[in-house]
Each structure stands twice: as C-alpha cells, then as structure tokens.
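Each chain gets a letter, A, B and so on, in the order its sequence line appears, and its residues count up from 1. These numbers come from the heavy atoms of this one structure, side chains and all, not from hydrogens, waters or symmetry mates.
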Protein chains: 2
Amino acid sequence: MSILPKPAARTLASDAYERIRAEIQTGRFRPGDRLRFAELQALCAMSVTPVREALARLTAEGFTSLDDHRGYSVAQLSLSELRDITANRKLCEGEALRLSIERGDAQWEAAVIAAHHLLVRVPQGREDMPSAIRDDWDARHAAFHRALIAACGSPILLDTCGRLFAHADRYRRVSVSLLMSHRDAEAEHRLIMEKALARDGAAAVAALHAHYEKTAETLEAFFDGQGN
Amino acid sequence: MSILPKPAARTLASDAYERIRAEIQTGRFRPGDRLRFAELQALCAMSVTPVREALARLTAEGFTSLDDHRGYSVAQLSLSELRDITANRKLCEGEALRLSIERGDAQWEAAVIAAHHLLVRVPQGREDMPSAIRDDWDARHAAFHRALIAACGSPILLDTCGRLFAHADRYRRVSVSLLMSHRDAEAEHRLIMEKALARDGAAAVAALHAHYEKTAETLEAFFDGQGN
DNA sequence: ATCCTCAGGATTTTCGAAAATCATTGACTC
DNA sequence: GAGTCAATGATTTTCGAAAATCCTGAGGAT
C-alpha cells in the first residue's frame with residue numbers, strides 16, 4: 001500500500017474544473033464574460049468533452065450559467081445577490097459556528113488557533129500587492145473560516161457554507177477596496193476566535209454576523225460606486 | 001414575439017438529466033447502483049456525451065457520486081445523512097417559512113391554499129397504490145412545501161431548500177411505510193398552513209419542525225429494521 | 001497455501017469531426 | 001426608411017470510435 005496521499009489518477013475533466021474555477025475566482029474571467037469552448041480548450045490544452053463536463057459542474061454550483069445552444073458564461077454579480085449571500089451566510093455559518101462551539105474538542109481549538117496564526121502572518125501588502133500574496137491571504141482566510149465551523153458535525157451544512165463562502169469570495173475579489181479592509185478584518189477575526197475558544201456561542205455568532213455585515217457594507221459601497 | 005412560454009429548443013443533455021434524476025427519485029435506480037454508460041445510453045437513446053454532462057450535474061447536486069476512472073453510481077443512503085438532512089431542513093426551511101410569513105402577500109396566501117387543496121385531493125391509495133398516483137402525490141407534496149416558503153425573498157435559500165427536499169424525498173421513497181404516514185401528514189400539513197396563514201411565525205415553524213421530526217422518526221424506524 | 005504478475009475483457013475517458021443551432025449580414029419588399 | 005427573409009459564418013451540441021484505465025482471474029514463484 002502506498003503512503004503517498006494521492007496517486008493522483010486524476011481526469012482531465014477534474015483539471016479543467018479546477019482551472020476554470022480558479023480563473024473565475026481570481027477574476028481573470030470576469031462576470032458576464034462568455035466562455036467559448038475554443039478559448040477554454042486552448043487554455044486547458046484538451047478537447048471539448050472534458051471542458052464541457054467541467055462547465056456542467058460549475059453551472060450546477062452557480063459559478064457559471066448556461067443558455068441552451070447559446071453557450072456558457074460567467075455568472076453575473078449583483079447587489080441583490082450579495083445581500084442574499086450575506087443573509088444566508090449569517091444563517092448557515094452562524095448555526096455551524098454555534099454547533100462547532102458546542103461540539104468542538106481540543107483538536108478543533110488547536111486547528112482554529114493554527115489557522116488564525118497563519119492568517120495574520122501573511123505579509124500585509126499594499127495596492128500593488130503581488131497577486132501571489134493576495135492569493136495566499138485568500139486561501140488562508142478561507143481556511144480560517146473553515147476551521148471555525150469544522151466541528152459542527154454536519155457535512156451538509158459544511159457543504160452549504162463552503163459554497164456560500166466561495167460565492168462571497170467572488171464579490172470580495174472584484175472589489176479594489178479589499179486591501180483597506182484587511183486591517184479591520186484582522187481585529188474582527190481575532191474577536192470571533194476569542195469568543196469561540198471561550199465557548200461563548202452567542203457572542204461568537206454575534207461577532208461573526210458583525211463581520212459579515214461589515215464586509216457586505218464595504219462591498220455594497222464599492223458596487224454602488226460602480227453602478228452595478 | 002411568441003406568446004408560448006417555451007419554444008423548447010432544449011438539449012439532449014437536459015433531457016438526460018431529468019430522465020436519470022427521475023429514475024433515481026422514483027427509486028428505479030437504487031442507492032449504490034452503478035450507472036453504466038452503455039445502459040444509460042440505451043435508456044435515453046443518445047450518445048455518451050450528453051449522458052456524461054447529465055451525470056456531472058447530478059453529481060454536483062449530490063444525487064450521484066463519481067470515482068475517477070471507476071464511473072458513476074447512485075449516492076448511498078444512510079441513517080446519519082437522513083439525520084443531517086433533517087437538521088438542515090429544520091434550519092433552512094424553518095427560516096424560509098418565517099421570512100415567507102413576514103413578507104408574503106395575499107398572492108402568497110392564495111398559492112398556499114391552492115397547493116394544499118390539490119394535495120388533499122389526491123386519491124388516497126393503499127399498499128397497491130398505482131405508481132402514477134403515488135408520483136402525483138409526491139409532486140403535489142413538493143409543490144405545497146415550495147408554496148409555503150415561496151415568499152421568503154431569498155433565491156439562494158429557496159435553492160438550498162429545494163435540494164434538501166429532493167434528497168429527503170429519496171429517503172421517503174424507499175420507505176414502504178410511506179403510505180401509512182400519509183394520513184398523519186395530512187393533519188400536520190393543515191396545521192402548518194393554518195399557522196402560516198394566521199401569520200404566527202413561531203407556531204408555524206414549530207409545526208414545520210414537528211412535521212420533519214415525525215417524518216424522520218418514521219424513516220429511521222424503517223432504516224433500523226432494514227439494518228442500513 | 002499465499003502472494004505477485006500480467007494478459008484479456010469491460011468500462012470509462014477523451015478525441016476530432018459531423019450535425020444542429022444561433023447570430024449577422026445583406027438583399028428585397030412594402 | 002423600416003421590416004422581412006434567406007444565406008452565411010460562428011458556436012454549440014452530439015456522435016462514433018480510439019485511447020486510457022480498471023477489474024478479473026489464471027498462472028507461476030516463494
């Protein structure tokens with residue numbers, strides 16, 4: 001038996017899925033952009049079949065949309081959807097955090113502390129932050145939020161939260177004001193963690209809600225400015 | 001401009017998606033069954049490409065699962081997943097119902113009453129209930145639950161609820177005790193509707209939770225008997 | 001007897017081209 | 001000039017077969 005975690009007998013379709021999703025998440029494919037097969041085939045260096053499968057998955061998850069016989073395109077962003085996502089995150093991640101606090105053991109506490117440590121150690125960039133660092137922060141930010149709710153004990157709730165987070169991430173990425181909010185977010189993250197580790201469910205959820213509200217407000221201001 | 005709702009320039013992939021999903025929902029494809037392409041191509045009378053796209057969508061929604069290079073199969077059922085689904089339904093549909101009661105107008109009330117009327121008018125069958133009637137009841141049952149939460153104002157929450165309902169439906173279908181619970185369910189449905197129309201959010205949500213708990217209990221008893 | 005190797009067959013996965021559909025252009029009528 | 005219609009080009013959608021991978025079981029070595 002192999003000790004290696006993954007012999008990785010992957011498929012091209014999986015590669016295409018991750019590749020295209022990454023392009024959408026990082027904003028290189030922008031909302032509303034049409035996704036032509038010729039282009040995607042060139043990008044992924046494969047035939048049409050695996051690309052099609054990847055787009056089918058992405059569409060089922062809401063990252064792309066499909067008009068029959070008119071092809072796929074990157075899902076649009078809208079102020080109303082941002083508000084909807086925020087409301088759903090408060091509901092689902094709030095409940096997941098409550099459960100996690102109730103059920104989490106020392107292992108969970110350690111994972112939360114570790115994820116938070118990694119998050120605050122990402123070098124703080126400026127406007128001209130290299131995208132590598134920016135991607136790094138985003139990955140650790142996602143990991144921190146995942147660690148918080150990891151002990152909730154509900155795979156379905158975790159899946160829902162994961163999807164919501166990914167969608168919220170798209171909104172965060174398009175916002176130039178992202179960088180300014182990092183410093184504020186740091187204090188908010190710390191507060192959530194402290195309340196969670198103190199096993200104060202109500203206070204932790206309140207802090208989480210406040211965090212989402214503030215994030216949403218920042219993005220809403222940006223969207224209003226853009227007229228989207 | 002055409003008045004017809006849909007000229008229906010559909011694709012084979014969409015047909016395959018609905019066809020296969022129906023086979024899974026109605027239980028003709030059973031949990032754990034392997035889904036071979038040769039078989040599905042024969043069933044849908046089409047080539048492998050659209051079938052593959054359909055399975056990709058179904059997998060993203062959790063109805064099927066995929067092992068790389070080992071093919072697709074119908075997702076397994078388990079007691080723990082049933083409990084997880086129930087907990088998530090209480091959370092999500094409960095909130096959706098609360099919002100619906102808060103925001104719903106007369107149009108919403110009318111739709112709820114209409115859906116309930118259709119539901120109770122399905123002829124009550126017995127063990128040997130023809131599958132057509134059974135499918136009819138299931139469709140109207142889904143429509144009633146959808147009508148209750150339709151006015152919640154959150155497309156994302158509605159989507160989540162829809163998925164959860166579809167998964168719960170799979171559990172209900174495999175249960176032989178389904179028929180016995182219809183009569184009980186009728187009283188529960190009426191209670192939910194009455195509380196909702198009376199705009200008593202707390203009572204309506206409580207009734208909804210009780211409804212789900214009772215459904216889950218019935219199914220759990222069945223599952224325990226089967227040793228699944 | 002147990003384990004390993006390796007064909008043979010079954011199945012999934014991918015390809016490249018054909019068929020179907022949509023968008024655009026330009027001619028033609030009213 | 002506005003509107004209709006057909007032909008053309010671009011793009012999606014589907015097909016049928018080739019390539020890659022997995023499963024099974026027989027044969028041989030330890």
Answer with base, sugar-phosphate or nothing: what part of the nucleic acid does A:Arg36 contact at a heavy-atom distance below 4.0 Å? sugar-phosphate
Can you tell me which nucleotide in C:dG16, C:dC22, D:dT21 comes closest to the side chain of A:Ser47? C:dG16
How many Å lie between CZ on A:Phe37 and C1' on D:dA10, as a whole number? 14 Å
Grab the CG-P distance between A:Asp15 and C:dT13 for me, whole Å please. 13 Å
Need to verify one output field. Residue with the more 5' nearest nucleotide on DNA chain C, A:Pro50 or B:Ala38? B:Ala38
Specify the separation, in whole Å, of atom CG of A:Leu40 and atom C1' of D:dT11. 13 Å
Could you tell me the separation between the NE2 atom of B:His69 and the C1' atom of C:dT11, rounded to a whole number of Å? 11 Å
Picking from D:dG16, D:dT13, D:dT12, which would you name as closest to the side chain of A:Arg52? D:dT13
Is there a donor in the side chain of A:Asn88 and an acceptor in the side chain of B:Ser154, or the other way round, less than 3.5 Å apart? yes
A:Arg172 to A:Phe165 six-membered ring, cation-pi geometry met (6.0 Å, 45°): yes
Angle class for the A:Trp137/A:His189 ring planes (parallel below 30°, perpendicular above 60°, tilted otherwise)? tilted
In whole angstrom, give the distance that lies between atom CD of B:Gln41 and atom P of C:dT11. 12 Å
Angle between ring planes, A:His141 versus A:His145, binned at 30° and 60°: parallel, tilted or perpendicular? perpendicular
In whole angstrom, what separates A:Leu12's CG from C:dG16's P? 12 Å
When B:Leu35 and A:Thr49 are each assigned the nearest nucleotide of DNA chain C, the 5'-most assignment goes to B:Leu35
Output the single nucleotide from D:dT12, C:dT14, C:dC15 whose closest atom is nearest the side chain of A:Met46. C:dC15
Quick check: are there more than 12 heavy atoms from other residues, nucleotides or ligands sitting under 6.0 Å from CZ of A:Arg30? no
How close or far is atom C1' of C:dC22 from atom CG of A:Asp67, stated in whole angstroms? 11 Å
From OH of A:Tyr72 over to P of D:dA10, roughly how many Å is that when rounded to an integer? 23 Å
